[in-house]
Engineer: 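First the structure, which I've put down as structure tokens, then a few questions once you've had a look.
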Protein chains: 2
Amino acid sequence: MPTDQNPDFFVRHAALLDQAVECAADRTYWTPYPETPSTSVYGPEASRLGEAAFQGLLGRPFRIEGHPSTGTVPATEVSPYGFPLGISYPYLPPEVAVATAKSAASAWRAASPDTRAGVAAEILARLNEAAFEIAYAVQHTTGQPFTMAFQAGGPHAQDRGLEAVAHAWNEQTRHPVAARWSKPQRKGGPLVMDKTFTTVGRGVAVLIACNTFPTWNGYPGLFASLVTGNPVVVKPHRRAVLPLAITVRIAREVLAEAGFDPDVVLLAAAKPDERTAPALATHPDVRIVDYTGSSEFGDWLETNARQAAVHTEKSGLNTVVVDSTDDYAGLLRNLAFSLSLYSGQMCTTPQNILVPRNGFPTDQGRRTADEFAADLGAALHRLLGDPARAAATLGAIVNDGVLKRVAEAAELDRVAHPSRQITHPDFPDAAVRSPLLVRLEAETDEETYTSEWFGPVSFVIGIDSTAHGLRLLHDTVRRHGALTASVYATDEGVLEAARATALEAGVNLSENLTGAVFANQSAAFSDFHGTAANPAANAALTDPAFVTGRFSVVQSRRHAPTEEHADA
Amino acid sequence: MPTDQNPDFFVRHAALLDQAVECAADRTYWTPYPETPSTSVYGPEASRLGEAAFQGLLGRPFRIEGHPSTGTVPATEVSPYGFPLGISYPYLPPEVAVATAKSAASAWRAASPDTRAGVAAEILARLNEAAFEIAYAVQHTTGQPFTMAFQAGGPHAQDRGLEAVAHAWNEQTRHPVAARWSKPQRKGGPLVMDKTFTTVGRGVAVLIACNTFPTWNGYPGLFASLVTGNPVVVKPHRRAVLPLAITVRIAREVLAEAGFDPDVVLLAAAKPDERTAPALATHPDVRIVDYTGSSEFGDWLETNARQAAVHTEKSGLNTVVVDSTDDYAGLLRNLAFSLSLYSGQMCTTPQNILVPRNGFPTDQGRRTADEFAADLGAALHRLLGDPARAAATLGAIVNDGVLKRVAEAAELDRVAHPSRQITHPDFPDAAVRSPLLVRLEAETDEETYTSEWFGPVSFVIGIDSTAHGLRLLHDTVRRHGALTASVYATDEGVLEAARATALEAGVNLSENLTGAVFANQSAAFSDFHGTAANPAANAALTDPAFVTGRFSVVQSRRHAPTEEHADA
């Protein structure tokens with residue numbers, strides 16, 4: 001039998017959970033899951049064993065103990081590094097997945113938030129133990145370079161998961177489970193009522209994950225829904241099933257050990273030509289949807305999945321405004337790396353770089369927009385000159401859509417720096433591409449730069465002045481959204497104006513990044529990923545608003561026994 | 001100039017705010033605003049002055065200092081007690097109201113949560129000072145009896161307002177406004193970033209208020225939106241403008257004294273034949289909607305006001321399940337009062353009373369459903385026998401729609417207790433009606449009892465057994481919603497089953513109410529009004545979920561100055 005008779009996972013992780021709640025509130029640096037894929041941290045055998053585990057999964061059906069299915073999803077995944085994974089998965093049609101999750105959930109719903117948080121923390125601990133296996137799975141579904149796949153797909157995703165656990169647990173335990181209400185009366189003794197307050201999950205949750213960051217973007221919703229008492233149907237992207245299949249396998253193992261029905265977490269991989277996300281998201285029993293992906297489908301979900309609380313992270317126009325700098329070399333190095341990391345295939349990669357057309361001051365003299373584009377191209381060349389180092393930064397192009405987009409951008413009028421094909425030293429069939437820069441003008445090229453060009457395509461856009469750039473930042477973010485904005489300026493007044501603009505536009509701002517922090521990175525327990533204040537996302541991953549809509553508080557009340565409160 | 005140079009209201013109310021946050025969390029009894037309309041509390045002159053203030057408003061244009069307008073809304077209000085109020089109001093078309101609110105909001109948005117909470121607490125203090133004036137305004141727009149109009153329209157509404165202030169203030173101050181992030185590096189010193197976290201309101205809020213509880217149901221949304229930095233356009237019901245006009249007048253006075261643009265709060269009364277709520281709620285600049293009223297328009301808002309966070313409280317089927325009692329007289333007294341209070345014109349009044357057809361045990365012997373209906377009718381008769389007392393309990397019927405509904409119910413087959421017309425001792429033209437009881441059967445009369453009959457109409461519905469009744473409770477609440485559920489049972493096992501059913505249905509439960517607490521009453525700082533877990537409401541008024549969607553956190557980050565963190 002399940003639940004509160006069996007709370008050992010909560011006891012095991014209570015100190016971690018307390019610390020996570022504290023750190024989620026104070027927003028300073030904290031990570032419980034080491035980000036370095038080194039033997040000193042993960043042990044001498046971890047990397048080898050993880051790779052062996054990954055290799056052992058290839059070319060066969062993926063086994064999840066006791067997972068229901070009505071058939072098989074044939075292999076859909078091909079590594080962007082150039083080989084098919086050949087893994088088939090259990091198949092569950094949407095209707096069956098939702099019904100199974102719903103009927104599995106009663107003990108999980110009835111368990112206490114403590115119990116659920118303990119189980120979630122144990123799942124995260126085991127995901128961390130499997131960090132290398134997951135890293136290879138992420139690398140060969142997303143095309144991320146290995147180190148990034150390890151960090152973003154493993155420990156950083158686990159950080160984001162724990163952050164969601166902390167918020168979900170904390171929000172459910174802010175009220176007591178019982179309270180006595182004693183109202184003084186004008187005559188006689190008080191009116192005394194005993195009340196209970198029980199948190200109740202909203203219902204079945206569906207996680208619709210993306211191709212590029214299946215775990216990092218998926219874990220917040222998965223863990224927020226679980227800890228608030230909801231079963232979760234995990235719908236992976238057809239090209240990035242494996243990282244979430246491993247996650248589901250581990251979650252189910254822990255659920256079963258804790259005495260719960262493992263069908264509280266289900267994998268719902270889609271067949272090659274089947275589109276199941278709309279049916280899953282609009283099923284009347286589905287009350288929570290978490291989604292990462294295109295604005296087109298995200299907007300569709302927000303409009304059509306009316307029966308559910310819908311959390312989306314979509315696309316946008318990440319923007320940089322350049323006013324001045326006293327570290328031009330640092331600026332170029334930082335931006336070049338930002339554009340190169342995972343070939344710009346991050347929802348946070350800068351796309352629109354706004355530069356005063358007629359020049360801006362630097363410690364190396366004035367630079368016009370044309371000169372800046374050339375300098376940034378040279379910085380990209382320096383960063384990516386060595387093929388091995390280039391491949392370790394760029395990773396591989398995730399799918400043909402991105403390749404087509406790069407080809408399309410190469411046809412634009414003023415390519416300032418071309419995208420290069422790079423041969424990966426270990427994977428000769430991998431599609432590796434360096435970033436492409438195009439010179440645009442704010443006035444004449446609006447149609448081009450107000451679309452998202454997801455991938456290694458960025459624009460150096462000539463503007464009249466910094467004020468013009470800030471207006472453009474404001475207007476494009478209000479209309480099209482952004483997850484990141486950056487500004488380079490030496491004057492505190494300009495920085496203040498940029499901050500005010502970013503606040504008004506509702507986008508997070510990075511100021512003068514010239515070192516080893518990049519606009520496209522956000523750190524759990526400190527940075528909020530989104531703001532929910534512009535069209536790029538309606539959720540922050542993770543703040544209280546991300547979890548409060550996943551559960552209700554239902555109360556009961558009755559008169560207190562008179563003998564008890566007579567002497568109260 | 002406004003804002004944080006001028007925080008005296010925060011200083012004045014800081015202790016109250018701290019206590020409100022504490023009490024909102026612990027859910028025990030607390031009220032800062034005395035509910036008794038007595039001279040010992042409000043002073044010897046308060047009642048007379050309040051009535052005089054109300055009388056002074058009648059028959060003339062309502063003055064709000066500096067309130068913009070493009071014309072006049074002619075008098076639309078008629079007291080349910082039988083006389084026209086004859087008050088005209090400033091007119092603002094939806095487009096102008098939203099634009100004015102938006103352009104007035106910048107200093108208010110930029111003020112700190114502390115400052116905004118202080119201003120809100122001062123508004124509430126002055127609303128409390130005006131409690132008698134507001135009581136008369138509520139009485140003569142809603143038809144509530146005076147004592148209820150005073151309590152529910154005044155102090156209890158202020159409690160609910162302060163509860164919203166507490167949640168809104170607390171949620172915005174859970175993160176620091178600035179934090180230093182220091183990440184250890186494998187080589188060299190740490191990476192150190194200084195970050196700011198600023199709460200930003202979502203945008204213009206619209207409050208769409210109802211006829212029966214303009215302040216009690218309106219204040220939570222009004223204050224939650226204000227304290228989170230949003231301007232509020234108050235759209236009153238055309239028959240209940242005055243209580244909110246006074247509220248807007250007072251709010252604007254305090255805003256102006258604090259140095260803010262008073263247009264942060266605007267009245268948007270509609271002309272007699274104009275329907276402005278749809279245009280207001282779907283305006284692209286409107287980002288928050290709070291609504292109380294019919295399910296039909298509430299559902300429309302949830303479907304169509306997609307650009308906004310929509311909070312609704314709609315209609316439902318409040319249900320009582322009778323299994324057994326050891327205090328039959330108390331049960332009858334309690335239920336009779338519940339049905340009579342304000343002629344059943346509360347969103348929380350029980351409608352469907354499910355009674356075992358063949359009888360249930362009481363301390364006065366077994367009672368069949370027919371006998372119970374007769375006994376409840378007799379209890380109503382006892383309670384309402386004296387016309388003065390009856391009028392003080394029933395109040396007046398709020399509008400012709402309710403009168404028609406009573407007439408329609410009187411035509412049903414098995415009226416067990418008729419509605420009586422009662423002559424109000426002070427207001428001979430008031431429409432005063434006692435509750436009507438109809439006997440129905442669960443199987444054959446579903447069409448009748450699955451509609452809401454808002455007003456003094458309730459059904460004694462024959463069921464096979466308690467288990468049948470709990471199933472019916474579950475199914476009708478899941479499908480049609482409810483704000484309240486009650487159970488009478490002597491056996492703890494039955495009470496447990498009722499609790500489990502209520503949890504599953506997502507409705508708050510009252511158990512064995514036989515004294516001076518009634519199913520239709522909910523106490524701020526202890527009872528959550530709704531659950532957001534069934535179709536009757538998507539909001540609780542007030543919990544964290546009610547406020548977290550009204551603002552975002554936007555951050556900035558930059559490298560910390562190196563000289564500072566060198567020795568950190």
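We name chains A, B, ... by the order of the sequence lines, and we start the count at 1 in each one. Computed over heavy atoms, backbone and side chain alike; hydrogens, waters and symmetry mates excluded.
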Engineer: Please list, in residue-number order, every residue in residues 537-546 of chain B that has a heavy atom less than 4.5 Å from any heavy atom of chain A; write 'none' if there are none.
Structural biologist: Pro544(B), Ala545(B)

Engineer: Answer yes if the side chains of Thr282(A) and Asn304(A) hold a donor-acceptor pair under 3.5 Å, and no otherwise.
Structural biologist: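 Thr282(A) vs Asn304(A): no donor-acceptor pair found between side chains.
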
Engineer: With chain B, which of Arg306(A), Arg27(A), Lys183(A) has the greatest number of heavy-atom pairs at distances under 4.5 Å?
Structural biologist: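 Greatest number of close heavy-atom pairs with chain B: Arg306(A).
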
Engineer: Please state whether the side chain, the backbone, both or neither of Arg550(B) comes within less than 4.5 Å of a heavy atom of chain A.
Structural biologist: neither

Engineer: Side chain, backbone, both or neither: which part of Ala24(B) has an atom under 4.5 Å from a heavy atom of chain A?
Structural biologist: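 Backbone only.
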
Engineer: Please state whether the side chain, the backbone, both or neither of Ala485(A) comes within less than 4.5 Å of a heavy atom of chain B.
Structural biologist: neither

Engineer: Tell me the closest heavy-atom pair linking Gln307(B) and Arg202(B), and the distance in Å.
Structural biologist: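 Closest approach of Gln307(B) to Arg202(B), heavy atoms only: O-NH2, 4.1 Å.
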
Engineer: Of the backbone (N, CA, C, O) and the side chain (C-beta and beyond), which part of Asn170(B) lies under 4.5 Å from a heavy atom of chain A, both, or neither?
Structural biologist: side chain

Engineer: For Val200(A), which atoms come within 4.5 Å of any heavy atom of chain B: side chain, backbone, both, or neither?
Structural biologist: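 Contact with chain B: side chain only.
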
Engineer: Side-chain donor-acceptor pair under 3.5 Å between Ser486(B) and Ser510(B), yes or no?
Structural biologist: no

Engineer: Thr36(A) versus chain B, heavy atoms under 4.5 Å apart: side chain, backbone, both or neither?
Structural biologist: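 Just its side chain gets close to chain B.
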
Engineer: Counting heavy-atom pairs under 4.5 Å to chain A, which of Val547(B), Thr514(B), Thr28(B), Val517(B) comes out on top?
Structural biologist: Val517(B)

Engineer: At a heavy-atom separation under 4.5 Å, does Arg499(B) approach chain A through its side chain, its backbone, both, or neither?
Structural biologist: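 Contact with chain A involves the side chain of Arg499(B) alone.
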
Engineer: Select one option (side chain, backbone, both, neither) describing which atoms of Thr484(B) are under 4.5 Å from chain A's heavy atoms.
Structural biologist: neither

Engineer: Give, as side chain, backbone, both or neither, the part of Gln185(B) having an atom under 4.5 angstrom from any heavy atom of chain A.
Structural biologist: neither

Engineer: Please tell me if the side chains of Met193(B) and His559(B) come closer than 4.5 Å, counting only heavy atoms from C-beta onward.
Structural biologist: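 The answer is yes, as the side chains (C-beta and beyond) meet within the 4.5 Å cut-off.
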
